[in-house]
Participant: 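Here it is: the structure, laid out below.
Basis for what follows: all heavy atoms, side chains included, without hydrogens, waters or symmetry-related copies. Residue numbers run from 1 in the order of the sequence given.
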Amino acid sequence: MTDTAPTGTLESLQAAIGWTAEQRVDAVERRHLRDYRRAVGLDPDGTEVPATFCACFLTEPPTMPAALEYGLGWINGGDRFEVHRELQLGDEVTSQLTFTDVEEKKGRSGTLALLTFVTEFRLPDGRLAVRHVGTRVRR
């Protein structure tokens, strides 16, 4: 019988702070924006791009090896979007997820790791458009 119990520790997560996912490039396309706006209850023919549209471009769940070794699954612990420049149809954004912090807590179901990831969405000229700060929980 193979032991499939998680082997990760808080120390291995702390050592991974600074880890980055692969950089990715995405475009704000009309079809995707229409579907997104419909899904969140907005007029699908509108052209305003909500900051939360960037959630479509997130690397989810994070593929960080140290996190995958800790616990048995992911829970979304919350998201914050900071808008520095509103996105527009046709914008191309480059993003990269970075692991920035971890905290361990005791919960009713056992020990949890609260991991903080930051993803910056930059325009081709390097300007920051949106910063996403997400908390993900491993249990």
Participant: Check L89 against L33 and note the closest heavy-atom contact, atom names and distance.
Facilitator: CD2-CD2, 3.7 Å

Participant: Applying the side-chain contact (heavy atoms from CB on, under 4.5 Å) test to F121, which of L87, L128, L58 qualifies?
Facilitator: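 It is L58, the one option of L87, L128, L58 that forms the side-chain contact (heavy atoms from CB on, under 4.5 Å) with F121.
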
Participant: Can you give me the closest heavy-atom contact between L123 and A129, atom names plus distance?
Facilitator: CG-CB, 4.2 Å

Participant: Anything under 30° is parallel, anything over 60° is perpendicular, the rest tilted; go ahead and classify F99 against F117.
Facilitator: tilted

Participant: Would you sort out whether D125 and R85 count as a salt bridge (Lys or Arg N to Asp or Glu O under 4.0 Å), showing the intermediate values?
Facilitator: CA-CA 13 Å; D125 65 6; R85 191 272 208 175; over 6 Å; no

Participant: At their closest point, which heavy atom of Q96 faces which heavy atom of A21, and how far apart are they?
Facilitator: NE2-O, 2.8 Å

Participant: Looking only at heavy atoms, which two atoms of R122 and G126 are closest? And how far apart?
Facilitator: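 Minimum heavy-atom separation between R122 and G126: NH1-O, 2.7 Å.
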
Participant: Do P65 and W19 have side chains that get closer than 4.5 Å, going by heavy atoms?
Facilitator: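 They are in side-chain contact.
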
Participant: Charged N to carboxylate O under 4.0 angstrom, D79 versus R136?
Facilitator: yes

Participant: Would you check if T119 and F57 make a side-chain contact, meaning some heavy-atom pair closer than 4.5 Å?
Facilitator: no

Participant: One pair to check against salt bridge (Lys or Arg N to Asp or Glu O under 4.0 Å): E22 and R24. What are the steps and the verdict?
Facilitator: CA-CA 6 Å; E22 257 187 62; R24 57 183 285 169; over 6 Å; no

Participant: Should the ring pair Y36 and F53 be called parallel, tilted or perpendicular, given that the plane angle runs from 0 to 90° and is split at 30 and 60?
Facilitator: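 Rings of Y36 and F53: perpendicular, as their planes differ by over 60°.
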
Participant: Could you tell me the separation between the CZ atom of R138 and the CG atom of L68, rounded to the nearest 0.5 Å?
Facilitator: 5.5 Å

Participant: So do M64 and L115 actually touch side chain to side chain, heavy atoms under 4.5 Å?
Facilitator: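 Result yes, sub-4.5 Å side-chain heavy-atom pair found.
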
Participant: With rounding to the nearest 0.5 Å, note down the distance linking CZ in R131 to SG in C54.
Facilitator: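 With rounding to 0.5 Å, CZ (R131) is 12.5 Å from SG (C54).
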
Participant: State, to 0.1 Å, how close R38 and P44 come at their nearest heavy-atom pair, and which atoms those are.
Facilitator: NH2-CB, 3.8 Å

